[in-house]
Structure formats: C-alpha cells, structure tokens
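Notes follow the structure.
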Amino acid sequence: CDLLIRQFTFFKKQKSEQNLEDKLRNVRFHGELLKFRIMKPIQCFRILQVCIDDFAYQNIEVACNLFEACGRFLYRNKITHERTKTMLAT
C-alpha cells in the first residue's frame, strides 16, 4: 500500500497528460484494495481531497474513477457514510 501512495504522490507532482492512464489505473487499484479492506478509507479520502483542492481536468478524471471504483462501498459503509456524503455534496 505504501508503494501505491508513493506512486500517486509522484503522479500528483507531474501535471503532464501522458501519465493520465497511469493515474487512473493507480486510483482504480486503490479503490479495489479498499473494497477488500486491505487499504484504509482515510487514504482514499486523502486522494479525493487532493483532487478537489486542485480541481483541474486530470484530477476530475481521477476523482471520478476513484468514486467509480469504491464510491458505493464508501457510501454504504456505516463508518464512512457521513464523510462520503459530505464529499459528494462538494
């Protein structure tokens, strides 16, 4: 999991569109790991917060792909429901 976080941080620093597919693959993998409870929800919320803070084309795509991968899980989970609801409202 730490390698994925470091890889996302590396992709975040690079703003080129050449890495878009790699970024999307990375966040989809984050979402799948979250659904299997290997990754903690706070890490996915951090990714979403980074995407919302720098609301540009690529980050919109990344946030949408993360919600597509694990949004339903986050929304239906008792622990993360309120925070997910707040994120969706923004």
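Computed from a predicted structure; not experimentally measured.
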Show every donor-acceptor pair shorter than 3.5 Å between a side-chain atom in residues 53-70 and any protein atom, with sequence neighbours excluded, or say none if there are none.
{"residue": "D53", "atom": "OD1", "partner": "Q49", "partner atom": "NE2", "Å": "3.0"}
{"residue": "D54", "atom": "OD2", "partner": "K15", "partner atom": "NZ", "Å": "2.6"}
{"residue": "D54", "atom": "OD2", "partner": "N59", "partner atom": "ND2", "Å": "3.2"}
{"residue": "Q58", "atom": "OE1", "partner": "K23", "partner atom": "NZ", "Å": "2.5"}
{"residue": "Q58", "atom": "NE2", "partner": "S16", "partner atom": "O", "Å": "2.9"}
{"residue": "N59", "atom": "ND2", "partner": "D54", "partner atom": "O", "Å": "2.5"}
{"residue": "N65", "atom": "OD1", "partner": "R28", "partner atom": "NE", "Å": "3.2"}
{"residue": "N65", "atom": "ND2", "partner": "E61", "partner atom": "O", "Å": "2.9"}

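The hydrophobic cluster around I42 extends to none of the other residues, as no ILVMFWY side-chain heavy atom falls under 4.5 Å of it.
Scanning for ring pair (Phe, Tyr, Trp, His ring centres under 6.0 Å) contacts around Y75 gives H81, with sequence neighbours left out. Partners of L4 according to the side-chain contact (heavy atoms from CB on, under 4.5 Å) rule, which considers only residues two or more places apart in sequence or in another chain, are Q7, N26, F29, H30, L33, M39. Taking R25 as the reference, D22 meet the salt bridge (Lys or Arg N to Asp or Glu O under 4.0 Å) condition, with sequence neighbours excluded.
One hydrophobic cluster holds both L88 and F45 under the rule that ILVMFWY side chains link at heavy-atom gaps under 4.5 Å. V27 and V50 fall within the same hydrophobic cluster, where Ile, Leu, Val, Met, Phe, Trp and Tyr residues are linked whenever their side-chain heavy atoms come under 4.5 Å apart, directly or through other members.
When all heavy atoms are compared, the tightest approach of P41 to T80 is CB-CG2, 3.6 Å.
Considering CD1 of I47 and CZ of F11, their distance stands at 12.0 Å, rounded to 0.5 Å.
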Please test L34 against L74 for side chain to side chain contact (heavy atoms under 4.5 Å, CB included), starting from the C-alpha separation and ending with a verdict.
CA-CA 9 Å; L34 176 69; L74 289 171; 3.5 Å; yes

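Within the structure, the salt bridge (charged side-chain N to carboxylate O under 4.0 Å, His left out) test picks out the following pairs touching residues 32-43 (sequence neighbours left out): E32-K35.
The side-chain heavy atoms of I52 and M87, taken from C-beta on, include a pair separated by under 4.5 Å.
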